[in-house]
Number of protein chains: 2
Amino acid sequence: MIAIGEASRQSGVGIETIRYYEREGIVPRPARALNNRRLYSANDVGRLRFLKKCRDLGFPLSDAKALWELSEGSAEDCRSVKELAEAHIASVRSKISELRRLEHALSELTANCDSGNVQCPMLQRLRTMDDI
Amino acid sequence: MIAIGEASRQSGVGIETIRYYEREGIVPRPARALNNRRLYSANDVGRLRFLKKCRDLGFPLSDAKALWELSEGSAEDCRSVKELAEAHIASVRSKISELRRLEHALSELTANCDSGNVQCPMLQRLRTMDDI
DNA sequence: CTTGATCCTGTAGTTGCTACAGGAGTTATA
DNA sequence: TATAACTCCTGTAGCAACTACAGGATCAAG
């Protein structure tokens with residue numbers, strides 16, 4: 001059993017973040033030493049690493065928690081996992097295409113931006129046009 | 001001079017959002033009628049529409065405010081506008097490539113996900129591998 | 001004169017942290 | 001043994017950009 005600082009180092013999850021996860025019920029309350037300090041098992045650290053990977057993949061915390069619970073469940077309900085993951089992939093894809101639309105619009109807006117303009121064409125369009 | 005509801009309709013910015021912008025100093029405090037209700041001019045509505053377009057393009061509010069102020073400035077400093085816009089384009093591009101990385105990782109993770117697995121390969125990897 | 005729409009202020013919730021403040025206990029060095 | 005430096009504790013507030021009330025005032029229409 002290790003202290004929170006060591007658990008943070010081993011999992012890559014910040015100390016304040018670990019305490020935040022505990023407050024939010026994403027991880028259960030850990031054991032405590034006699035001096036009231038939190039104590040983490042290897043399994044606890046494993047869960048933190050799991051959660052971190054999920055967050056790095058962009059899953060919301062609620063999904064990350066659900067995935068861990070699926071992973072702890074007896075049958076490892078692969079279908080539920082796939083559903084969560086595919087919904088997430090869909091949202092990632094829609095974000096990508098939205099950002100591409102933005103990139104395109106921004107590139108167009110700045111295309112005519114060059115020093116020496118009396119009126120900035122980008123501001124001009126932002127002020128007046130309706131097709132943005 | 002129109003009331004806040006009409007300004008909201010004409011600009012596409014929600015009533016609560018308009019009041020939020022005012023609290024945050026993004027827009028100045030508008031005129032008030034004798035009954036204390038806010039009154040907006042055509043110029044005020046124009047500013048709200050401008051801010052909305054900036055937000056739709058993904059600019060943070062602080063940038064949106066700065067762009068409006070540049071647009072109100074005497075010289076319309078096109079270079080400053082371009083700098084803001086290009087920094088924003090860069091951040092949009094980096095978000096896109098990050099999301100593409102995620103999409104790739106997620107697709108790989110779910111590739112072997114099919115009902116009938118005893119152990120879910122995605123959870124397996126999230127629990128054990130280090131290359132995610 | 002009542003109903004329903006609109007407006008007002010002020011506060012709290014959202015997501016996922018991060019950063020203190022102010023205090024207590026632990027470890028290493030002189 | 002004293003003291004400095006570190007780690008930990010609780011609790012609260014801040015970030016971005018809204019959104020959603022609560023509880024009340026005012027207004028327009030029938």
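Residue numbers start from 1 in every chain, and the chains themselves are labelled A, B, ... in the order their sequence lines are given, proteins ahead of strands. In this text, all values refer to a predicted model and were calculated from it rather than measured experimentally.
Closest approach of A:Ile26 and A:Leu51 over heavy atoms only: CG2-CD1, 3.9 Å. A:Pro30 and A:Arg38 get closest at one heavy-atom pair: CG-CG, 3.7 Å. The two residues A:Gly58 and A:His88 make their nearest non-hydrogen contact at O-CE1, 3.0 Å. The nearest pair of heavy atoms linking B:Ser11 to B:Arg49 is CA-CG, 3.6 Å. For the residue pair A:Ser107 and B:Arg93, the shortest heavy atom distance occurs at OG-NH2, 3.6 Å.
For DNA chain C, the residues of residues 8-22 of chain A within the heavy-atom distance limit of 4.0 Å (strictly under) are A:Glu16, A:Thr17, A:Tyr20, A:Tyr21, sorted by number. Contact check of residues 30-45 of chain B against DNA chain C (heavy atom, cut-off under 4.0 Å) returns B:Arg32, B:Asn36, B:Arg37, B:Arg38.
Classification of A:Glu24 and A:Lys65 as a salt-bridged pair fails, no side-chain N sitting under 4.0 Å from a carboxylate O. Ion pairing of A:Glu6 with A:Arg9 is present here, as a side-chain N (NZ or NE/NH1/NH2) and a carboxylate O approach within less than 4.0 Å.
With sequence neighbours left out, the side chain to side chain contact (heavy atoms under 4.5 Å, CB included) criterion links B:Asn36 to B:Arg32.
The hydrophobic cluster containing B:Met1, built from Ile/Leu/Val/Met/Phe/Trp/Tyr side-chain heavy atoms closer than 4.5 Å, also comprises B:Leu39.
Mapping B:Glu6 and B:Arg23 onto DNA chain C by nearest heavy atom places B:Glu6 closer to the 5' end of the strand.
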Residues B:Arg101, B:Glu98; criterion salt bridge (charged side-chain N to carboxylate O under 4.0 Å, His left out); working and verdict: CA-CA 5 Å; B:Arg101 208 184 52 72; B:Glu98 173 67 7; 3.0 Å; yes
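Taking 4.0 Å as the cutoff to heavy atoms of chain B, we find the contact window on DNA chain C bounded by C:dT6 to C:dT9.
Under the 4.5 Å side-chain criterion, counting only non-hydrogen atoms from C-beta, B:Val27 is not in contact with B:Tyr40.
A distance of 9.5 Å separates CG of B:Leu57 from CG of B:Leu67, quoted to the nearest 0.5 Å.
At its two ends the helix from C:dC1-D:dG30 to C:dA30-D:dT1 runs along axes set 20° apart, each axis drawn from five pairs and the angle rounded to 10°.
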